[in-house]
Each structure stands twice: as C-alpha cells, then as structure tokens.
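Let me begin by presenting the structure, written as structure tokens, before commenting on it.
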Amino acid sequence: MAIKAGLLVEFMQDNVPTLGYVLDEQGGKLRLLLANRREINLTQARLLPWTGPAISGSAKDEIISALNSHKEARQKIKEQINVLELWEMSQGEVTEESAEFFASLMESEVTPDTAAGYAHALLEYKNYFKFQNPLFEVFNQETVNAKLLAEKQLKEKTALISGGAEWFRHLWGLYCKHQYISEKDQALEPKEPVLGTLKNLLFKHMAETESHDENILWKQVTKQIPDETYLAYYLAVTWKLVPEHYNFWLSKIDYDQTEDFAKPFEQELAQIQALSKEIAEQKECAPCTLSASQKHHKNALHCDLTDTKELCGVFANTCSREFISIDSASTKDIDDAFSFSEQADGTKELIVSLACPAFFWQFQSDLDKIISKRCTSIYLPEQNLHMLPEALSTNSFSLVEQQIRPSMLIRAVYNNENELVDSKIFFAKVTIQDNLQYLACEEVLTKKQEGNELSFAQALNEDFTQNYYPVDYEKYAPSEEARAKAQKYKDTLEKAYVFTRAHLEKRIENGAVIIERDEYDVFLEGEEDKTVVHIEAMPQSPKAQLIVSEIMVIANAIAANFAVQNNISLLFRTQNVGMPKEMAGIWKKPQEIAKVARLLSPAIAEIEAKPHTGLGLKAYSPVTSPLRRYGDLINQAQIMHFHFFQSPLFSKEEMETILMHYNMYNGLAGQVQRNRPRYWRFVFMQQEAKRQGENCAFHGIISDENDMYVTVSLTREQVLVRAKRQLFGDKVQLGQEVLVRLGKINPLLFEVSIMKAQEL
C-alpha cells in the first residue's frame, strides 16, 4: 500500500509498536501525528509492514480520537489471540510469513486492525517467533525448547544475583557486628531454588572447587562486599551453615574426616579382616609357589583376596624373635616394631618388623583410588584422620601386642664398630610381645646407673631445654602398667640407645643436619564457638625417640640401597643440596634452626635415588609407615613383588605417573597438616591476648635479625613473629629471651603484630 496522507501506520518506538497518522509525505520522509498529540518526523524505512486504514478527517481532535479507537481495537484483538495454538498450527508447516497470513489462519476476515493485533501478539512471543521485517520467522520445537530453557535460566540467574547479593550483604553486616543469624533473619532468607544455589556456592567457594561460571556468579553476588580472602567462610559461619572453626582445609582436598569413604567397600574390607584373622589363628601354613603368570589384580602377589590358601602360604614362616614397639600413649595405628640383640663380641643384630598392608592391597581398585587421594594420615588437635579405614589401620594391620601379623622384615647386622656388615629383606609372620610408650621407656633410660636414681620428673627436666613454661609431669606420667612393660626391656632399651646414638653420630660425621624441637601439647576444650585452645609443655623423651627414629632411618636406608642394587624404582626422598661441613650436627636453639633453614631446602620425592643431605645418606626411601603414608605402601609393594618374582610391581614409567599424583595429593594433605595446627596456635594466642589483656605476654627467643626487622620464635606457640627493629631498642642479640605482647591476631591469615617487646 502506498504511503500517503490520511493513512494509519505503525513504527517501533522504545521497542514497542506505536500508532501514528500520516500528516504529510514527501520523498519518503513522513510527518506523523501521534495519539499524545505530538508531531514527529520519520523516514518511511522505519515503518512496520502492516498499514491502514485510511482516515477521513481534518480536525486534529477527530484524528486523535480515531487513533485511540484503533489502538484500543488492536489491543482487544491481541488479548484474544492464543499465540501458542497459532505456533503449533504453523510450526513445521511454514518457515516465515506475514502478520496477515497468521491472522488468516484464525480469522475469517482480516482487517488492518486484525493484522496489527496479531503482529503485536507475535512480537511478544520471542521464543516462538522472530520478526525480520517484513515477515515473522517460525521457530521449530528444538529451538523453542532451547530458548525457553535459556529464558528460565536467565530469570533464575537474575533472581539469584539480586536476591543473593542482598542476602550476602545482610550476612556480611551481621558478621561485622560479630552476630549470627536469628529467627528474625531467617525470615529474610531467599526462597528455593535461590537458597540452595547460594548454599552450594558458599561451600564450593570455601573448597575452591567452583566452576568458571560459578566463580563469575560469586563475583556478582559479592560485588558490594569487601573482597576478603575467607569471605565464604565468614558468611557460612554467620549463616550457621558450618560451625565456628570449620576445617575448610579438608574440604579443599576432599578428605573425608568420617569413615563414610569406606562404606562402599564393606565386602572387600570384610575379606581382608577375615584373611588377617585366619593368618593369625593358623599356626602352620603350607608353603605355596606363586605363579608370575597369574595376574588377576595389580597387587604384590598376583592373588585375589579370595585365594586364601595361596595368600596364607606366602607367610608360612614365622620369625621367632621378640619384637617390641615404642609409640605415644594415644597411638593406635602401629606400623613398626623392632628386635635388637648384642653378642659378646660386640656384633649387633637389628630386625625391624613393619605392618604389611601391601600383602593384601589391590592396586588400581576403586578403594585404592580413594586411598591414593587421601595419601597420608593427618593428625590434628581435634582428631586423628587415618589414611586407611580404621578397621584396617588400627585393627587388622596394626602391630598390636600379642597378635600375629604378616610382616615385612628388614634385618641389619653391625660389627663391634657399628659398621653395617649384612642386611636382608624378607617376609614372615611375627608376634609383637609388647607395645611400649615413649615416656615409660624414657623413664627407664634416664635412671642413673650408680643406683642413685633421679625421679621421673627430674630426669625428664634435664632434657627439657626450653623450660620457661612448666611441665605438669603428673598429667603426662605413664601408668604403672606402662612402666612395668618398659622395665621388662631395660637391658634391650639401654643397648639400643647406645647403638642408635653411635649410629646418629656416624651420620653426623657424614654431614647429617638434625633439627630438634621440644614438643608442646595442643588440645581443645568445648565445641564450635565455645572452643578453648590449650597449649601445654610436655615431658620430652629424646632417648626413646632417638631409638625409634634412628631405627626407622636404618630401615629406610636399607630399603633404598636394596632398590638401587636391584634397579627398582621407588619413591625416594631426596635432598641433594650442598651444605657447609660446619652445619652438620644437632641443632635445637631457635637461632640455630633459623640459620640451618636458610640453607637446607625441603626434601622432595623422586623415583631415582639421590643423596639426602639432611640425613647424611646416599639414598633414602620410606617404607616404615605403610599404614600412614601411601608412598610407603607403594614402596613396600615394589620390594615385596621383587622378593617373590624378581621384578618390581610397577615399571619406571608407571612409577613416574604414580609420582606425579603422589606429589600432588601429598602436597595438598601436607598443607592441611601444616595449616590446621598452626591455625589453632593462632586461635590460642588470640584467646590468651583477649583473656589477659595488656598483661598478656608470650615468651620467645630472637632467632633472626637484620637492619629492618627482628624475628622472634615463640617458645610455647612455636610460631615465628616479626617486628621492626626499633621496637627492640639498640641492643638485639640472637638467642636473647624476650617477652612480647601481641595484637591484630588473625588465625585464618596467620597474621600477628608485636605491640611491645621486653628483654628478659
């Protein structure tokens, strides 16, 4: 239809069809009168394709009245249209058509108002029709479904961002006032599904497991809140989604702190427990020959757990030596014990018995995949988290006294000059005679030989170098039963101590750098926001601990040398760095430890043997804690497989893959083991500073200093704090004892400021 004066036309204004009356047309340029009495200029190209009717009238009021009348008519037509029915009739039949066409499908007579009414309806259903002047495109079912889903998601996201941002701001306001949500606040919570999405977002952000899209969403809902490092934790605690002091470090590594991770494997665990019991109860086992061709599973013996006879036959031999273990009183996962004897000519025989989970273990199974990710046991003030299911780590595999256990045995023979002359690795059943405790053994070892014995407290105090904080000896003193057990082995313990001390001295001659720190007991009282942290000085047991630590060094060194001699890839611990000869020795003082730490880089895991400078050894590979460390379990399986089949279980290439995953998972677990106890120490300092106010002083020793800063090693808290040099006055000496007052303590960020320092 030709555009001329007197015609009604429509054009888009603010994305809405607008009706106008053509007052004048000249060369494609129009002058229109609108229903609001305004006149506008418009190009013909902007007109919509439905036009008409023509109006005969000259008075402005008449034209305005006609415009409003036609506008109302079109609105009534639009409201009566079932657009979804119209789409169902046309989709699949036509691709694109005019507004008049769609009107003709439903109406017997199509007027300009009818066509316009239908056009207005189609324009609003953008998920079904698309206007491409002059026609409307009809979307197919697949496209419509996709557009409806996208629209739904957009609405949900808009509601989420709006509601989430408002709710998070409210939570942040409560957090800043040191408040939690109340019943009144709960009434303000967003409704589902926004509520569930926000909760999930908080947990994922705390664990740092959110996707890229979730990270963008997080930034949107927290845009008006300060960008705090642990904002998600603060909001979750305020919302009461997690308790105060929630261990989000475990969430980051997906480490289940319950036994739920083992529930899907109850049948497999029951098989292992039954087999362990059968081995313990069977006095004699018929030896059997293992076939290297049988390989149902990836394990050290090529045997299924159901091959009871064959598996039991592996441990037909019994080692008749008398084995004892030495551990803390609370230890339940006992993975090492030893037998030590000395002949009249000075020859010494040491046999180390190790728990042998590799005997049972099915590598690459679903259970193994979970254990490899857990990677290590984690010991925290609030709880001990075992790498293996407790049914195995503290029961079936643990070297519990008076129980028969399959064992990996490492035998070492030394001459009267304490030189290693023979070593051997073999497998047999053992019976652990007694589980001894460190402090009970220390009591035996610290009694004077002249018969003039020191009291237990006095003897221990001689070895307690940092005694600024008193020790409650009665609290930690071993029971009479533990003392009686240790006394039975007085001769063995004394000889073992003399031997291990000599072995340590030989390692120091080879450049070993030994760092020793006094132990402090960190324990918790109460729960959640009522938790009170205590740190107490503990009695030390340096002699008993030396026996165990040095025996473990011997066993791991022999395992490493065995692997090197037989070209077995293990997870070696290496520390191949150069150290000045004068750094070899035992270092206890904070200023000495600080000096050593600057020179000695951390040990790393590698599949090829290299020197371990800190230990003074040419090769070192941990095998002595297979219940607590996945790397030790792998190493044990490698050696065990070689023992029976003259080849390692895993090739070098396979070990490289294992090493990559081991380093990743072990590194993550190590962060939890470092950060969580450190967090509790900072909470302790915060609580003490609040409780005592300006009278609160922490004992420390100046361990490092330079032109700008002085570093203080806090004795009890075992935390390094730093302040500007001028705070300490003109005279600053390494090793100087000080009392410091602390402030601005942030346990999560491990931040603290020294407010005042006083020389002792």
Side-chain angles (χ1 to χ4, degrees), residues 315 317-327 331 333-343 347-359 397-401 403-414 418-436 438 441 489 492-493 495-504 506-507 544-563 565 570 572-573 612 615 617 619-629 631-640 642-643:
F315 286 92
N317 298 325
T318 300
C319 183
S320 58
R321 299 301 173 88
E322 188 177 75
F323 289 93
I324 58 174
S325 68
I326 307 177
D327 291 279
T331 301
D333 50 342
I334 304 171
D335 47 18
D336 59 80
F338 69 94
S339 171
F340 182 81
S341 60
E342 185 174 353
Q343 307 303 319
T347 301
K348 305 161 189 74
E349 182 188 53
L350 170 68
I351 302 180
V352 182
S353 171
L354 302 174
C356 197
F359 165 62
F397 293 166
S398 184
L399 301 183
V400 180
E401 61 187 18
Q403 295 292 319
I404 298 173
R405 293 285 188 264
S407 177
M408 175 180 176
L409 296 152
I410 300 178
R411 177 176 179 266
V413 179
Y414 292 82
N418 292 323
E419 296 172 333
L420 181 65
V421 294
D422 189 26
S423 64
K424 177 184 179 183
I425 298 178
F426 61 106
F427 297 84
K429 290 188 295 186
V430 301
T431 300
I432 308 302
Q433 294 300 314
D434 281 298
N435 297 139
L436 308 185
Y438 277 121
C441 293
Y489 302 97
T492 299
L493 291 172
K495 290 179 179 178
Y497 174 69
V498 172
F499 164 70
T500 53
R501 184 71 196 184
H503 189 272
L504 174 60
K506 190 175 291 290
R507 285 202 297 118
Q545 288 184 327
L546 173 64
I547 293 174
V548 175
S549 63
E550 207 61 27
I551 286 176
M552 296 305 103
V553 169
I554 290 170
N556 291 328
I558 289 175
N561 291 331
F562 177 83
Q565 293 167 7
L570 296 183
F572 295 93
R573 294 295 291 174
H612 194 301
L615 294 175
L617 298 172
Y620 184 80
S621 183
V623 296
T624 53
S625 293
L627 304 184
R628 308 177 189 186
R629 299 191 296 244
D632 294 42
L633 175 59
I634 287 285
N635 288 341
Q636 188 179 77
Q638 285 287 85
I639 293 173
M640 189 174 191
F642 187 90
H643 176 83

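The model shown is predicted, which means the values in this text are computed figures rather than measured ones.
- Using a 4.5 Å heavy-atom threshold, the side chains of Ile558 and Arg411 count as separate.
- Side-chain contact check for Val400 versus Arg405: some heavy-atom pair is nearer than 4.5 Å.
- When all heavy atoms of Asn418 and Lys506 are compared, the closest pair comes out as O-CE, 3.6 Å.
- Side chain of Gln636 to backbone of Ala355: a donor-acceptor contact under 3.5 angstrom is found.
- Counting heavy atoms from C-beta outward, Phe338 and Ile324 have side chains that approach closer than 4.5 Å.
- Smallest separation of non-hydrogen atoms from Cys319 and Ala428: N-CB, 4.1 Å.
- A donor-acceptor contact shorter than 3.5 Å links the side chain of Asn635 to the backbone of Pro622.
- At distances below 3.5 Å, not a single donor-acceptor pair connects side-chain atoms of Ser339 with backbone N or O atoms of Phe323.
- The side-chain heavy atoms of Phe499 and Ile554, taken from C-beta on, include a pair separated by under 4.5 Å.
- Interatomic distance, Met552 CE to Ile547 CD1, rounded to the nearest 0.5 Å: 11.0 Å.
- Considering NZ of Lys495 and OG1 of Thr500, their distance stands at 14.0 Å, rounded to 0.5 Å.
- In this structure a side-chain-to-backbone donor-acceptor pair under 3.5 Å is missing from Ser353 to Leu409.
- With rounding to the nearest 0.5 angstrom, the OG1 atom of Thr331 is 6.5 Å from the CG atom of Asp333.
- Contact record, Leu354 with Val623: CD1-O, 3.6 Å, taken as the closest heavy-atom pair.
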Is there a ring pair (Phe, Tyr, Trp, His ring centres under 6.0 Å) between Phe315 and Phe359 once you walk through the steps? CA-CA 10 Å; Phe315 286 92; Phe359 165 62; 4.6 Å; yes
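- Inter-residue side-chain proximity for Pro626 and Met408 is flagged as unmet; no heavy-atom pair is nearer than 4.5 Å.
- Heavy-atom minimum distance, Ala358 versus Leu633: N-CD1, 3.6 Å.
- Looking only at side-chain heavy atoms (C-beta outward), Phe642 and Ile425 stay at 4.5 Å or farther from each other.
- A donor-acceptor pair under 3.5 Å is absent between the side-chain atoms of Arg507 and the main chain of Glu550, judged by distance alone.
- Residues Leu570 and Ile639 form a side-chain contact, since some pair of their non-hydrogen atoms from C-beta on lies under 4.5 Å apart.
- Under the 3.5 Å distance criterion, the side-chain polar atoms of Asn435 are matched with a main-chain donor or acceptor of Glu401.
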